[in-house]
Amino acid sequence: MREKWRLDTNLIHNKQTEDKHTGAIAQAIIPAVAYSFPDCETAADAVSGKKEAIYYGRYGNPTLRTLEAKMAVLENGESALGVSSGMAAISIALLTFLQQGDHLIVTKDVYGGTHKFLTTLAPRFGITFDFVDCTTLDNIQQAVKSNTKAVYIETPSNPLLTVLDIEGIAKLTNRYGIPLIIDNTFMSPYLQKPLDLGADIVVHSATKYLNGHGDVIAGFVIGKSQDIKFMRQNLMGDLGQVLNAWDSFLILRGLKTLGLRVERHCSNAQKIAEFLEEHPLIEKVYYPGLPSHPQHELAKKQMKGMGGIVSFELKGGIEAGKSFINALNLAMISFSLGDPETLVQHPATMTHSSIPANERINFGITDGLIRLSLGLEDSLDIIDDLEQALSKVNYLVTSSF
Ligand code: PLP
């Protein structure tokens with residue numbers, strides 16, 4: 001019955017009812033590490049997995065379990081695992097399907113942390129990978145090897161907002177029997193449901209839109225129950241990456257306003273992308289909501305909204321770009337995204353600085369690229385701020401011609 005609710009109702013009510021004893025509507029925070037059992041046999045069944053139970057805080061807590069059940073519903077998955085960061089979710093998902101001697105296909109413009117994990121840590125475990133331009137299915141098909149055990153994509157990508165055809169890629173990976181893992185951080189389940197489009201695993205940095213207030217680091221993996229069970233028992237629990245009860249509570253609270261927030265993020269981003277595209281000092285704008293975006297039609301097909309991130313290049317290159325960022329008053333220079341505040345950053349020297357320069361430029365992340373995470377403020381104030389900063393760098397841009 002509950003699953004029949006629509007998304008906005010699910011965000012508030014699904015898997016959450018008032019407390020049986022107190023009537024409290026807000027979720028209880030249960031930080032207990034230890035749980036008692038009536039006898040040794042019941043305790044043994046819990047630890048062996050024969051009976052589903054929380055038995056030690058490193059493997060979960062009741063507040064987190066409520067949140068996980070809710071995330072599974074929101075992504076239309078069988079089961080969800082909440083962990084201590086987006087990178088924990090990504091590494092757990094990858095290590096579930098990859099072991100020594102295996103190969104991974106990964107989209108070429110991924111989040112810098114994912115790139116770093118693959119290039120520095122994965123080789124130590126004998127895992128190989130190829131960064132592939134996944135905008136065409138042929139490229140993926142050609143990259144498949146006999147030992148390819150997973151395809152990992154991010155759509156829209158960070159920071160270039162490249163949109164990939166989830167349904168098309170899922171059909172291909174299905175044919176090869178290879179799991180498709182998708183980072184859905186930029187969209188949240190409010191705007192895109194990769195599992196409905198054929199993906200096998202969804203990962204999230206819940207640090208961003210899901211919590212939405214810039215005060216929690218967390219991640220999720222959503223997929224089939226047997227995969228999630230393996231991740232909980234053998235990776236999350238054993239590596240110690242559990243999400244604590246307090247942070248789980250904050251995300252449950254944040255989720256209630258996800259729809260309202262995401263709609264505002266999207267409408268602000270659309271207005272700012274249109275403003276920037278018209279501005280004479282801007283070289284190029286990357287936003288799937290603009291008809292000039294190469295995958296605009298695909299974005300309209302698979303996404304319910306275009307998201308809150310806009311990237312762009314200023315004429316005048318890196319010097320003009322940095323001076324522009326430094327001249328902003330309202331937008332804050334920050335590494336994160338998806339917060340109520342508008343945040344700005346320079347991928348080449350900040351979020352993607354761990355990628356060697358030649359590789360980064362090859363991926364399309366130029367020195368002049370700027371990423372804006374549009375917040376929830378009045379769009380006119382954001383535009384005023386951008387305008388005053390642009391007027392300050394005007395001389396740098398014109399002198400570079
Ligand atoms: N995925 C994407 C798309 C991100 O932007 C980030 C962080 O910025 C992550 C994953 C990693 O998330 P976390 O910082 O929660 O580990």
Side-chain angles (χ1 to χ4, degrees), residues 67 71 75 81-95 106-121 131 134 152-164 166 181-192 194 199 201-222 235-236 239-244 247-248 250-251 254 262 265 269 286 288 303 307-311 332-339 341 343-355 363 365 369-374:
L67 173 59
M71 279 305 298
E75 282 287 6
L81 180 75
V83 291
S84 57
S85 70
M87 278 315 301
I90 291 165
S91 53
I92 286 172
L94 290 171
L95 293 174
V106 54
T107 187
K108 74 182 172 78
D109 51 333
V110 270
Y111 167 61
T114 310
H115 182 280
K116 188 162 173 247
F117 168 76
L118 287 171
T119 51
T120 61
L121 216 49
F131 286 104
C134 293
Y152 181 95
I153 63 171
E154 200 178 285
T155 176
S157 68
N158 182 3
L160 288 171
L161 287 314
T162 308
V163 177
L164 301 174
I166 300 176
I181 306 168
I182 300 196
D183 184 336
N184 202 25
T185 299
F186 270 30
M187 290 280 93
S188 87
Y190 200 78
L191 298 179
Q192 178 170 274
I201 297 283
V202 169
V203 292
H204 277 285
S205 167
T207 314
K208 314 296 192 272
Y209 295 102
L210 293 175
N211 176 57
H213 293 76
D215 48 15
V216 169
I217 293 270
F220 285 101
V221 190
I222 302 105
L235 285 158
M236 185 275 275
L239 294 178
Q241 296 164 311
V242 73
L243 185 61
N244 67 54
D247 286 345
S248 303
L250 285 175
I251 298 173
V262 163
H265 285 300
Y286 300 83
M303 293 149 53
I309 308 295
V310 176
S311 293
M332 294 166 166
I333 304 173
S334 171
F335 287 81
S336 202
L337 58 96
D339 289 356
E341 298 82 11
L343 304 176
V344 62
Q345 70 109 0
H346 180 232
T349 57
M350 292 173 67
T351 50
H352 291 68
S353 60
S354 61
I355 306 179
F363 289 164
I365 305 167
L369 190 75
I370 294 167
R371 188 190 77 190
L372 267 180
S373 165
L374 281 314

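Ligands are counted one by one from 1 in listed order, and the atoms in each one are counted from 1 as well.
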Acceptor/donor pairs from residues 185-192 side chains to any protein atom, 3.5 angstrom cut, sequence neighbours excluded:
| unit_1 | atom_1 | unit_2 | atom_2 | d |
| --- | --- | --- | --- | --- |
| T185 | OG1 | D183 | OD1 | 2.5 |
| T185 | OG1 | S205 | N | 2.9 |
| S188 | OG | Y190 | N | 3.1 |
| Y190 | OH | D8 | OD1 | 3.1 |
| Y190 | OH | D8 | OD2 | 3.0 |
| Y190 | OH | E263 | OE2 | 2.9 |
| Q192 | NE2 | T155 | O | 3.0 |
| Q192 | NE2 | N184 | OD1 | 2.9 |

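More than 12 heavy atoms of other shown residues, nucleotides or ligands fall within 6.0 angstrom of atom CE in M350.
Separation of atoms CG (L81) and CD (Q241) is listed at 9.0 Å; rounding is to 0.5 Å. One distance of note links CG of D109 with CG of L164; it measures 7.5 Å at 0.5 Å rounding.
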Short N or O contacts of ligand 1 with protein, under 3.5 Å, listed by atom name?
| unit_1 | atom_1 | unit_2 | atom_2 | d |
| --- | --- | --- | --- | --- |
| ligand 1 | 1 (N) | D183 | OD2 | 2.7 |
| ligand 1 | 5 (O) | N158 | ND2 | 3.0 |
| ligand 1 | 8 (O) | K208 | NZ | 3.0 |
| ligand 1 | 12 (O) | S205 | OG | 3.0 |
| ligand 1 | 15 (O) | G86 | N | 2.8 |
| ligand 1 | 15 (O) | S205 | OG | 2.8 |
| ligand 1 | 15 (O) | T207 | OG1 | 2.5 |
| ligand 1 | 16 (O) | G86 | N | 3.0 |
| ligand 1 | 16 (O) | M87 | N | 2.8 |

Under the side chain to side chain donor-acceptor pair (under 3.5 Å) rule, what do T114 and E154 come out as? Steps first, then yes or no, please.
-> CA-CA 10 Å; T114 310; E154 200 178 285; 4.6 Å; no
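Close placement of the H115 and F131 rings is indicated, their centers lying within 6.0 Å of each other.
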